[in-house]
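Have a look at the structure below, then the notes.
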Amino acid sequence: MEQAFVVVTSGKDLALQLTAAGRTRPAAVISWHPGQRENRIDVEHIAREIGDLADVFWLENGPESYAFGDSLPSGAHVFGNAARVYAEDLRWLTAVHRSPLRMARDREAAVRAAEDIIEDVLGLITVVPPKAPPGRTLPRRVRGTVKAFASAGSRAIVELGDGSCCTIQREHVVPPVRLDWMLDPGQSVEGDLNAEDRTLDINGLKTAPRLAELYRPGDLVLALAEQVSARNATLTLYPGSSWTVDQARISSNPLDTADSLVTEGEVVVTRFLRVNGAVVLSLLDVDDDADVVAAPALLAGGAPWLRSGRHLTEQPTSGRTFPAEAPSRPGPGTGGPGREGAGTGELGSASEAAGPAAKPSVALMTAQLQLEAERRKVSALQELVAAASHAGAGLVSLQQEQDVLRRELGTEQQIAQDARAALEHAEVRLARRNEELLDLRAYKRRTQPALKRALTAGSDALFATAGERVRHDVCLAWAKNVPASEKARQPLPPDWTAGPEFAASLYGFTEPGVQAKALKAVVEVLTGAAERNAAREVHALRATTGADTAQRVREDGSKCFRAAIEQSVASARRLHFWRLPDGSIELSRVVVHDDFKP
């Protein structure tokens, strides 16, 4: 059988090949240590699983691995029993963290490292290369049963009717979602079997979900948080149907940010709405006890692709699970792009907690490099001892130096062991903190409706008379709207009064926010700030709309004025008030724009 990987004979040539422009696919470099057999990474397994998706190189730890590292940017090399994937776009040259090092400290870590390398390669594949047509046999239609999943959901093991087995490969399924998110163990599947590589093509089972058939306005549905920033979050209902949700539809508190409530890779419950025919998603007033409509299955007879409580731990390098082919224009009602059929990508690994993967600490990397240097020194001294065995005095000196170096090596090994233990402890703590953060954000979302109801609760049942309620609400509005530094210069006058119709006109409006706006305008009129605020448009209230009509004046000499409460809205509200001869203010009424009665 032809070898599926390349044995490296020149580390420098390999470095030049990886850093050259024009590569068309990723490259996986697996290094192996000749003195450490137990924890070697299985290069044959990696090459077999990756196939033609990437180039695989087998590099022995020694002179060629040192030459390889010397020809790359700092921190981009591989050493010992470890592996790394180098993307063809060369962005890793300036951002090494895009190409994480997968180390194998023991046998179990070697198995995990192999699966991580396969996942790293799959995460870089955005266009599936076409499979070569079979040379001798044509695919045949078969039926089988899903038995298990492997390689972090990128492979599904299927048992056929004749007792033989084959595999389903995620990179050849459209959309390339994790197979364990689309299929269930024990599920019956049907597809075309390629007898050459024993792979099963199930693209014939693909379904095309339609929003109009799936959800009705008002339904609670599941969505995957693809991208989250402070201002908005992109939620995906199914591959190809992603919608941007602004912060105002995530929390009613303007001080909250979207990323303080939603985590990338989290599966959230959202309300499906339509505003003027456009799709709108909202996380406001979501009741955890209400029924949630099941997510659609992406394959005929398959399982719902999203489940409550099942999240992603790691987003792909691009930052999106389903990268769009082109930027979308903002959609109506959402404040952001509304994309259906915007493109698909692939899902990252699933786990219980969300957060970035932990990177090896600087101390651990330094200790490992020092160990390699010390091992080279010991090897060189051993050669010198063998060559100078006839010189007794020199031999004794070299042996003593070798003993010292061995003790130093033991010390460095202990440091490395302590660093590994500290790193593992940090990884456990990070996973625990990420899980706690996910729970806190979900709890914060759940408490938003109750907090909103508490903040908007009226004061109508707290006072014996409407006048007492008005005076309380005006004082409270003054405390909220006048900064602490301005309260001394803008005091609330003690001699203001409210007319007999003011309370009924103020509390008669039930639209959200109108009372708060009116009370803010009242505070500005009482403190004199309205005269300096052009938006209030304070002017005399006249008997008619004519500019030369006389101002309305009462028998006691009080003059009526009019101030704007709202601007550029239908039936904008206005505040009518009297300025008495002694200079004090009497609040008259809150009216709509076309009402000119004092």
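Computation of the quantities below employed the complete heavy-atom set of this structure, encompassing side-chain atoms and omitting hydrogens, waters and symmetry-equivalent molecules. These numbers were taken from a predicted model, which means no experiment stands behind them.
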Taking all heavy atoms of [X] and all of [Y], pick out the closest pair and write down the distance.
{"X": "Arg155", "Y": "Arg170", "value": "NH1-N, 3.9 Å"}
{"X": "Ala303", "Y": "Asp184", "value": "CB-OD2, 3.2 Å"}
{"X": "Val245", "Y": "Leu281", "value": "CG1-O, 3.4 Å"}
{"X": "Tyr238", "Y": "Trp305", "value": "CA-CZ2, 3.5 Å"}
{"X": "Ala15", "Y": "Leu72", "value": "CB-CD2, 3.9 Å"}
{"X": "Ala104", "Y": "Ala110", "value": "CB-CA, 3.5 Å"}

Evaluate Asp120 against Arg102 for salt bridge (charged side-chain N to carboxylate O under 4.0 Å, His left out), listing each step before the verdict.
CA-CA 10 Å; Asp120 290 344; Arg102 308 299 187 182; 2.9 Å; yes
Working note: Val428 + Glu424, criterion side chain to side chain contact (heavy atoms under 4.5 Å, CB included); need CA distance, chi angles, decisive distance, verdict.
CA-CA 6 Å; Val428 172; Glu424 292 172 356; 5.7 Å; no
Checking the side chain of [X] only, and the main-chain atoms of [Y] only, is there a donor and an acceptor separated by less than 3.5 Å?
{"X": "Arg210", "Y": "Glu213", "result": "no"}
{"X": "Asp162", "Y": "Ser164", "result": "yes"}
{"X": "Asp246", "Y": "Ala248", "result": "no"}
{"X": "Arg445", "Y": "Leu283", "result": "no"}
{"X": "Arg274", "Y": "Pro217", "result": "no"}
{"X": "Asp219", "Y": "Arg216", "result": "yes"}
{"X": "Ser31", "Y": "Gly80", "result": "yes"}
{"X": "Glu159", "Y": "Thr145", "result": "no"}
{"X": "Arg23", "Y": "Arg25", "result": "yes"}
{"X": "Arg98", "Y": "Arg91", "result": "no"}

Any chance the side chains of [X] and [Y] put a donor and an acceptor closer than 3.5 Å?
{"X": "Asn81", "Y": "Asn39", "result": "yes"}
{"X": "Arg198", "Y": "Thr167", "result": "no"}
{"X": "Thr236", "Y": "Glu226", "result": "yes"}
{"X": "His33", "Y": "Glu60", "result": "no"}

Value rounded to 0.5 Å, distance of [atom1] in [X] from [atom2] in [Y]:
{"X": "Ile118", "Y": "Arg48", "atom1": "CD1", "atom2": "CZ", "value": "8.5 Å"}
{"X": "Leu193", "Y": "Thr199", "atom1": "CG", "atom2": "OG1", "value": "7.0 Å"}
{"X": "Asp116", "Y": "Leu101", "atom1": "CG", "atom2": "CG", "value": "11.0 Å"}
{"X": "Leu437", "Y": "Arg433", "atom1": "CG", "atom2": "CZ", "value": "11.0 Å"}
{"X": "Leu14", "Y": "Ser65", "atom1": "CG", "atom2": "OG", "value": "11.0 Å"}
{"X": "Trp243", "Y": "Leu237", "atom1": "CH2", "atom2": "CG", "value": "8.0 Å"}

Chi angles and distances behind the side chain to side chain contact (heavy atoms under 4.5 Å, CB included) call for Val56, Val6
CA-CA 6 Å; Val56 181; Val6 177; over 6 Å; no
Please tell me if the side chains of [X] and [Y] come closer than 4.5 Å, counting only heavy atoms from C-beta onward.
{"X": "Leu205", "Y": "Leu298", "result": "no"}
{"X": "Trp32", "Y": "Leu59", "result": "no"}
{"X": "Lys444", "Y": "Ser260", "result": "yes"}
{"X": "Ile46", "Y": "Ile41", "result": "yes"}
{"X": "Val293", "Y": "Leu220", "result": "no"}
{"X": "Tyr215", "Y": "Pro209", "result": "no"}
{"X": "Arg140", "Y": "Val142", "result": "yes"}
{"X": "Phe272", "Y": "Val280", "result": "no"}

Of all residues at least two apart in sequence or in a different chain, which pass the side chain to side chain donor-acceptor pair (under 3.5 Å) check with [X]?
{"X": "Ser251", "answer": "Asp256, Gln448"}
{"X": "Asp192", "answer": "Arg141"}
{"X": "Asn276", "answer": "none"}

Could you go through the side chain to side chain contact (heavy atoms under 4.5 Å, CB included) check for Ser241 and Leu211 one step at a time?
CA-CA 9 Å; Ser241 179; Leu211 282 179; 3.8 Å; yes
Trace of the side chain to side chain contact (heavy atoms under 4.5 Å, CB included) decision for Leu299 with Leu183
CA-CA 8 Å; Leu299 298 175; Leu183 302 170; 3.7 Å; yes
Quick one: list whatever passes ring pair (Phe, Tyr, Trp, His ring centres under 6.0 Å) with Tyr86, sequence neighbours left out.
Trp92
For Glu38 and Arg105, run salt bridge (charged side-chain N to carboxylate O under 4.0 Å, His left out): C-alpha distance rounded to whole Å, both residues' side-chain angles, the deciding distance at 0.1 Å, then the answer.
CA-CA 9 Å; Glu38 293 297 321; Arg105 305 183 186 94; over 6 Å; no
Run the side-chain contact (heavy atoms from CB on, under 4.5 Å) test against Val267 and tell me which residues pass, sequence neighbours left out.
Leu222, Leu224, Leu306, His311
If the condition is side-chain contact (heavy atoms from CB on, under 4.5 Å), which residues does Ala421 pass it with, not counting sequence neighbours?
none
Tell me if the CZ atom of Arg231 is crowded by more than 12 foreign heavy atoms within 6.0 Å.
no
Counting heavy atoms not belonging to Glu190, are there more than 12 under 6.0 Å from its CD?
yes
